[in-house]
Structures are given as structure tokens and as C-alpha cells.
Enquirer: 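Supplied in C-alpha cells, the structure appears directly below.
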Amino acid sequence: MNFVKESVNQQPIVDTVFAIVDRAKKAKEQFGDEAVVDATIGSLYDESGSLVALDTVFSSLKSLDNGVLAKYAASFTGNPDFKKKVEEWVLDGNCSLEKEIIATPGGTGAVGMTVSECLEQGQTLIVPEIAWGSYNLMAQMQGVEVEKYELFEGDHFNLGSFKAACEKVMKKQDRLVIIINDPCHNPTGYSLSGTEWEAIVEFLNACSKTHSIVLLNDIAYIDYSYKGADAKSYFSVFDSISDNIVVIVAFSLSKSMTSYGLRCGAAIIMAQKREAVEQVKTVFEKDARATWSNINNGAMAMFVDVLTNHKEEYEKEKEKYVSLLKERSELFMKEADEAGLKYYPYKEGFFVTLAMDNDVRDAFHEALMENHIYTVKVNKGIRVAVCSLSVGKTKGLAGKMKEILNGTYEKI
Ligand SMILES: Cc1ncc(COP(=O)(O)O)c(C=O)c1O
């Protein structure tokens, strides 16, 4: 019996998030909301435990004509006004490279397309060792190998490990395709400094003398940076890339607009030379046509309307939640510091991740659940989703986790 291609890995998806989300939900039904700390959910929730759906966004969507919602998009690469707005909103005038934009189904579409079209089967993709799980799955589905770089050396980016991973891969293939999830890295909440970005670009420029380079910058959480508009100023670092580098910025409306289910985002393809941008765009356009055909017209129209006619209101509304994230994460880290609970260097974003090796992590994760605390296991850590954890539930959590961790160490 063989109905799918032999080369594909047929193991079912091991979804470490949804299974635990479900256990947390059942615990709440059994023991009551008060008794349970649910730090599993990776979407933004307000203080009363409801999913945040920004009013500015959904009033705009609902005010669109039925015809707009019903229609196909104007092109396989997305509507022209959407592409223009994405460029304005994301790059904010910070990058003067040649560019083209392709609308995609969320950030997932932009990352997936890069993995499938920029690497041959059997070649290697470079990803962070602590990362959003989909990168590995995308590689697996394309028959692409994965090389991982360590993210941290102490409290800063591990440039040495990044370089070593690139050098290793350069020995066996003609190109580098690299994912950097920044700012607001999922799941650690780290953001590279301007100097770290400069060092990365300087190194890649040197590599590009012998190898073509595609740098995928996944910015899914950028609009939750604590730096506001300044979060986008680092894009100017890409102005100094060499001719043999293409940067693809994967943008997502899922978090920026709290519109996860509308499935809209974009790949911003950038390079010094027009020919380089055109080569990638030509292939991505065909991939788009062959895979999803075109993108949700209503979502694109909503994005344009919000940022053209309701920008201030939208920014004000979103800012409330950015401040809330800051309050929750600061409280958690303050208490973690007091208790001596170790976490990766968090700067901003949806998650704080506790640092530990995987043996301790597995036992600790179980022990947390015995104490009605639900979290998500990630490589070398435990993810605490401050995006969905109220201030009230955050209070006291780090201390309690540290006690449970001490108990775990005694048992293993
Ligand atoms: C790091 C990262 N990149 C990209 C995405 C893409 O999300 P979407 O496809 O909904 O835009 C996510 C979603 O969780 C993410 O965490």
C-alpha cells in the first residue's frame, strides 16, 4: 500500500502545542479557571481571558462590500494597493534596495515558499536551534536538511555559532539559505541589536564572494516590539548587502492585525540588483499560482483601509496591548530574577522561555502540570506565553515554578 510519494516522511505531526492546550482546557473544566495557570496559548489574550480581536481591524473588515470580500485578488502576487501599503508599513522608508512584494497566506506562506524554491532537495537550510517548529517541518516536507545555530552566548547573540553553521554548509553546497527570526524571536523574545545585525551582514557579505545567499528575516511579531517605530530602523542595515545576497522579509498580518485566521501576509524580496529581485519574484509568483492561487481579497482590502483611514486609532488600540505584554513580561522576569529562575535573554514579544536542558525540561514540564501549570516544551526550554497570561495569573508564577523546578532536580 503506497498512496503518497515514497520520499515523503509519513510520521504524523507531533504537535507539542495543541495537545497541551487541550490538556489545559480540560483541567480548567475539571478544576475551574482559578485553579489553573494556562500559559500555553500563543495568541494575544486580554486580561479577562478573551482572544484580542482589534476593533479597528474587524470593524474595517465588516464594513467592506460583499463584492470586495467575494472577489479574487487582482493578481497572483496580491493587490497593488496592498503591496504598496505593506512596503510602507513594514519598511517605513528604512531600506532603499530594489524590491518586489508577493502576498502570501500568512508569514507561513512566505517562509514556506522560500524553503521550497530556494533550495534543492538534499541541500541544507540554516535555522536557529531554538525556533518555531514549522521551520523544521517545512524543510522535512521539501526533503531539505537542517543545520542549526546556537542562539546565545551568555546574554547576547552567538555570532560564532552562526558563522560556524554557515561555514559548515558552505563546504557542501553552492548557496546559503538562512532563517533569522527577529525581532521578538519566537519563543525566547530576543531581538538583535543594531551592532549584531551589522556583524551578521558583514559576515554574509564575505560569504557571498563564493556563495549565493538568501537571508529570510521572519518578522512575524515585529509590531509588538517595545521600540515602536524604531523597531523598523534596523532594515537600513540591508542597504549594505552585496550583489550576491537576496533578503526576503516574511511579514504576517496574523499578529500585526490580530487576524490569524484570515491567512494573509507577504514576502518582501529585496536585493541590490533588479535582476536578482526579478529572478526570485518570477519563481515565487509561479509557486503562488500553483499552490494557493491568490490571497484573501478582504484581508488585503482591510489592511489597506486600516492603514489608510484608521491608522492612528489602530496604533493606539494595539499600543494598549503592547504595554500589557510589557507589564506581564516585566513582572514575570522580576519575580524570576528574585527566585533565581533562569530564562533566555528576553527583550520583547509574546513569549518568555525558561532555559534548561531537555532531560530536566521533560520532567519539569510534567511536574508543572501536576501543579496545574500548563506551558509548552521547546528545544532546551519551557515556553511561557505571556501573550495570553493575565497579570493576575503571572503574579507569583515564577516563584512557584522555581519551587517546582527545585523539586524536579531532587527527583531526577
Ligand atoms: C516565528 C513565526 N513565524 C511565522 C509565523 C507565521 O504565522 P502566520 O502564518 O499565521 O502568519 C508564526 C506563527 O506562529 C511564528 O511564530
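Each ligand, and each atom within it, is numbered from 1 in the order the structure gives.
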Enquirer: If you measure from each non-hydrogen atom of Tyr260 to ligand 1, which part falls under 4.0 Å: side chain, backbone, both or neither?
Expert: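 Neither; no heavy atom under 4.0 Å.
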Enquirer: Answer yes if the side chains of Tyr234 and Asp182 hold a donor-acceptor pair under 3.5 Å, and no otherwise.
Expert: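 Looking only at side-chain atoms, Asp182 and Tyr234 do not form any donor-acceptor pair under 3.5 Å.
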Enquirer: Does NZ or CZ of Lys326 lie under 6.0 Å from the centre of the six-membered ring of Tyr224, at an angle within 45° of the ring axis?
Expert: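 Relative to the ring axis of Tyr224, which defines the angle, Lys326 lies outside at least one limit.
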Enquirer: For ligand 1, is there an atom lying under 4.0 Å from some heavy atom of Phe350?
Expert: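 Contact check Phe350 vs ligand 1: negative.
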Enquirer: Got the closest protein heavy atom to atom 3 (N) of ligand 1, with its distance?
Expert: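 Going atom by atom, the protein heavy atom closest to atom 3 (N) of ligand 1 ends up being Asp218 OD2, 2.6 Å.
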Enquirer: Suppose I only count heavy atoms of Tyr135 and a 4.0 Å limit; which atoms of ligand 1 are within that range?
Expert: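 Under 4.0 Å from Tyr135, ligand 1 has these atoms: 1 (C).
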Enquirer: Less than 4.5 Å apart, any side-chain heavy atom of Asn309 and any of Tyr314?
Expert: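 Not in contact.
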Enquirer: Within the 4.0 Å heavy-atom shell around Ser252, which atoms of ligand 1 are there?
Expert: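 By the 4.0 Å cutoff, the relevant atoms are 8 (P), 11 (O).
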Enquirer: Below the 3.5 angstrom mark, is there an N/O of Gly107, backbone or side chain, next to an N/O of ligand 1?
Expert: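 So ligand 1 has an N or O lying under 3.5 Å from an N or O of Gly107.
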Enquirer: Under 4.0 Å from a heavy atom of Arg263: which atoms of ligand 1 are those, numbered in the order shown and with their elements?
Expert: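 Answer for ligand 1: 8 (P), 9 (O), 10 (O).
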Enquirer: Do Tyr190 and Phe157 have side chains that approach each other closer than 4.5 Å (heavy atoms only, starting at C-beta)?
Expert: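 Tyr190 vs Phe157: side chains touch.
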Enquirer: Report the member of Ile179, Asn186, Thr108 with the shortest heavy-atom distance to atom 16 (O) of ligand 1.
Expert: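 The nearest heavy atom belongs to Asn186.
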Enquirer: Are Lys85 and Glu88 within salt-bridge range, i.e. N to O under 4.0 Å?
Expert: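 So Lys85 pairs with Glu88 through a salt bridge.
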Enquirer: For Phe31, does the CZ atom have more than 12 heavy-atom neighbours from other residues, nucleotides or ligands under 6.0 Å away?
Expert: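 Atom CZ in Phe31 is crowded, with more than 12 foreign heavy atoms closer than 6.0 Å.
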Enquirer: Please determine, by modelled atom types, if Ser233 and Asn94 share a side-chain donor-acceptor pair under 3.5 angstrom.
Expert: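 Side chains of Ser233 and Asn94: no pair found under 3.5 Å.
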Enquirer: Counting neighbours of CD on Glu202 that are heavy atoms of other residues, nucleotides or ligands and sit closer than 6.0 Å, is the number greater than 12?
Expert: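 At most 12 heavy atoms, drawn from other residues, nucleotides or ligands, come within 6.0 Å of this atom.
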Enquirer: Please could you name the atoms of ligand 1 that Asn181 approaches to less than 4.0 Å, counting only its heavy atoms?
Expert: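 Once the distances to Asn181 are compared, the set is 1 (C).
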Enquirer: Give the single entry among Ser256, Ser254, Gly261, Ala110 that approaches atom 10 (O) of ligand 1 most closely by any heavy atom.
Expert: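 Ranked by closest heavy atom to atom 10 (O) of ligand 1, first place is Ser254.
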Enquirer: May I ask whether Phe251 places a heavy atom under 4.0 Å from ligand 1?
Expert: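 In this structure, Phe251 fails to qualify as a contact of ligand 1 - no heavy atom is under 4.0 Å.
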Enquirer: Checking a contact table here: which protein heavy atom is nearest atom 12 (C) of ligand 1, and how many Å away?
Expert: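 Scanning the protein heavy atoms, the shortest distance from atom 12 (C) of ligand 1 goes to Lys255 NZ, 3.4 Å.
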